[in-house]
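Written below as structure tokens is the structure these notes are about.
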Amino acid sequence: MGQQTHRKDDLLVSSNFIRAIRESGYVSLSTALAELVDNSLQAEATEVAITVVRAKADGDPEICVEDNGRGMSRSEIEACLRFGGSSRFDERRSFGRFGMGLPAASLSQARRIEVTAWQNNRSACQVFLDVDAVVAGAPVDLRARRLSGSTVGSGCRVVWLNCDRIEYRRLAWLERALRRDLGRLYRRFLSSGGLTLTINGKRVDPIDPTLLTTKVEGRSARLAFEPIRYELATSAGKTAFVSVRFVMLPVQHWHHLDNVTKRRMGIVGGAGVSILRAGREIASGWHLMGAKRKENYDDWWRCEIDFDPVLDEHFGITVNKQGIRPSQELQEALGPELESIARLLNARVRQAFEEVKFQAATETSCRIAEAADADLPVIRSTGKGSGALSYRIGSEQLPIETMFTSALKRRTLDVTLNIDHPAFAALYRPLQALSDEAGKDLRTALELFLLSFARTTTLLVSDGHDCDDLLRLWSKTYGRMLQKS
């Protein structure tokens, strides 16, 4: 192996630096490839094609990333593999910032990198960097060579050869992991139609950890409340906004799913905060939650934080864009409120699971009511459906003076008990603690009483009577009596 010579005032020893930069901290192939996709998007590409092959059956994989962006001029391509060589150094308008992504990400995975770019149908230029040659003492030559032949349009192609750091030995597993990870990182661009990303010719679908766009059994997640905005000062003396939104998953409709389905959907183990910079996810985990520790109930809500690159100092963006180091100012501005909301949503999830258990315990009463319904006066209703009614009993927070509400929807009489009304604590909480047959019989009798009252008022309303005052006054009277007991 040759010995590379260097002057005493050289800032870098190339042979040592090239080996050290290979340990630049990319946690996976996906995060390394994301640097190349970032560059494509910054070059205004709308199509990015990733190809993963194994040239030899027992050899290292080879990876190619090609886009239809604006390409690079000769001077730009000669700078693209230089560390910090970007013409957009410290720019805050898009993905890149330091000009380290392409060379650092490439060297973290491959021993040889070839970059080819072309513009406006002109012939392409190419540069390459070979780790083994540099370590052996060969001088680094990043001069571009012009390739023969014509090209179509503009674009760029990066090829990684001798990828010796890839943990997956089976390409099918590797491809599956890339689809999952890149589909999540670039979900905003993929879902908006601004980017078509393919891996070995197959499109990558967006993967949304908030599950707002995921529909299972007719239900999706929903926003817990309107997004929250925080205004922070930038390093340039101006201000910019951080946007935070919280999402609740439908416990009542998804709790019964098997664990395999929950894990495949991303419910189990999906708790936490997704942080997006310029629309691209750069971190996910338990961020800015203060003293709130993560619990199993936290799987059922999500948080998403968006910020502009001008706020990079507040988020402490790492060079490889794989994490954050929140500033004290950011933690003080967001932390207390986000922790409070996290505790609130955790409590809501707990309550939702209590309601699920409550509703399961009402099945006996509802079955008895349904069996009796055929012998009761028919309730006329508009719309589809006829015949006997089905029954459902649920519970949630309602106005304090309302004991319960009832509504007839598609021949199902839905009775919702108010957990804040004194009757709920006085009647239901003691019954929930009883486990013997007498307790179950007493609970069934109580629920049949409520269902019969709700059915009777529904029948009167269908015949043109106004029963709102009756239910309101009865609820109020009963509540006052219980408060005096």
Q: Assess whether side-chain contact (heavy atoms from CB on, under 4.5 Å) is satisfied between Leu33 and Trp160, documenting all intermediate values.
A: CA-CA 10 Å; Leu33 277 174; Trp160 292 349; 3.7 Å; yes
Could you tell me if [Y] and [X] have a donor-acceptor pair between their side chains, going purely by distance under 3.5 Å?
{"X": "Arg146", "Y": "Ser123", "result": "yes"}
{"X": "Thr210", "Y": "Asp208", "result": "yes"}
{"X": "Gln119", "Y": "Arg70", "result": "no"}

Is the backbone N or O of [Y] less than 3.5 Å from a side-chain atom of [X], with the two atoms forming a donor-acceptor pair by type?
{"X": "Trp254", "Y": "Val216", "result": "yes"}
{"X": "Arg187", "Y": "Asp205", "result": "no"}
{"X": "Ser106", "Y": "Leu102", "result": "yes"}
{"X": "Ser220", "Y": "Thr214", "result": "yes"}
{"X": "Ser40", "Y": "Ala45", "result": "no"}

Do the side chains of [X] and [Y] get close enough for a salt bridge, i.e. N-O under 4.0 angstrom?
{"X": "Glu114", "Y": "Arg112", "value": "yes"}
{"X": "Asp130", "Y": "Arg111", "value": "no"}
{"X": "Arg280", "Y": "Asp38", "value": "yes"}
{"X": "Arg184", "Y": "Glu281", "value": "yes"}

Q: Answer yes or no: are there more than 12 heavy-atom neighbours, outside Gln397 itself, under 6.0 Å from its atom CD?
A: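 No.
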Q. Looking at residues at least two apart in the chain, or sitting in another chain, which of them share a side-chain hydrogen bond (donor to acceptor under 3.5 Å, both in side chains) with Thr477?
A. none
Q: Return the set of residues passing side-chain hydrogen bond (donor to acceptor under 3.5 Å, both in side chains) with Asp298 (not counting sequence neighbours), or none when no residue passes.
A: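 Residues passing side-chain hydrogen bond (donor to acceptor under 3.5 Å, both in side chains) with Asp298: Lys292, Trp301, Asn346.
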Q. Once the angle between the rings of Tyr297 and Phe353 is folded into 0 to 90°, is it parallel (under 30°), tilted (30 to 60°) or perpendicular (over 60°)?
A.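 It falls in the tilted class, 30° to 60°.
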Q | Pairs satisfying salt bridge (Lys or Arg N to Asp or Glu O under 4.0 Å), at least one member in residues 236-260, at least two apart | A | Arg245-Glu304
**Q.** Trace of the ring-ring contact (aromatic ring centres under 6.0 Å, His included) decision for Phe358 with Phe424
**A.** CA-CA 12 Å; Phe358 174 86; Phe424 193 86; 5.8 Å; yes
Q: Report the residues that fulfil side chain to side chain contact (heavy atoms under 4.5 Å, CB included) with Phe241, sequence neighbours left out, ordered by chain and then residue number.
A: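 For Phe241, the residues satisfying side chain to side chain contact (heavy atoms under 4.5 Å, CB included) (neighbours in sequence not counted) are Arg229, Glu231.
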Q: Apply side chain to side chain contact (heavy atoms under 4.5 Å, CB included) to Gln328 and list each qualifying residue two or more places apart in sequence or on a separate chain.
A: Glu332
Q. Quick one: is the NZ or CZ of Arg302 closer than 6.0 Å to the six-membered ring centre of Phe246, and within 45° of its axis?
A.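 The answer is no, since Arg302 fails at least one limit relative to Phe246.
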Q.
Asp312 vs Arg277, test: salt bridge (charged side-chain N to carboxylate O under 4.0 Å, His left out). Steps then yes/no.
A. CA-CA 9 Å; Asp312 275 356; Arg277 175 183 183 266; 2.8 Å; yes
Q. Taking only residues at least two apart or on different chains, which pairs with a member in residues 190-200 satisfy side-chain hydrogen bond (donor to acceptor under 3.5 Å, both in side chains)?
A.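 Applying side-chain hydrogen bond (donor to acceptor under 3.5 Å, both in side chains) to every pair that reaches into residues 190-200, excluding sequence neighbours, yields Glu175-Asn200.
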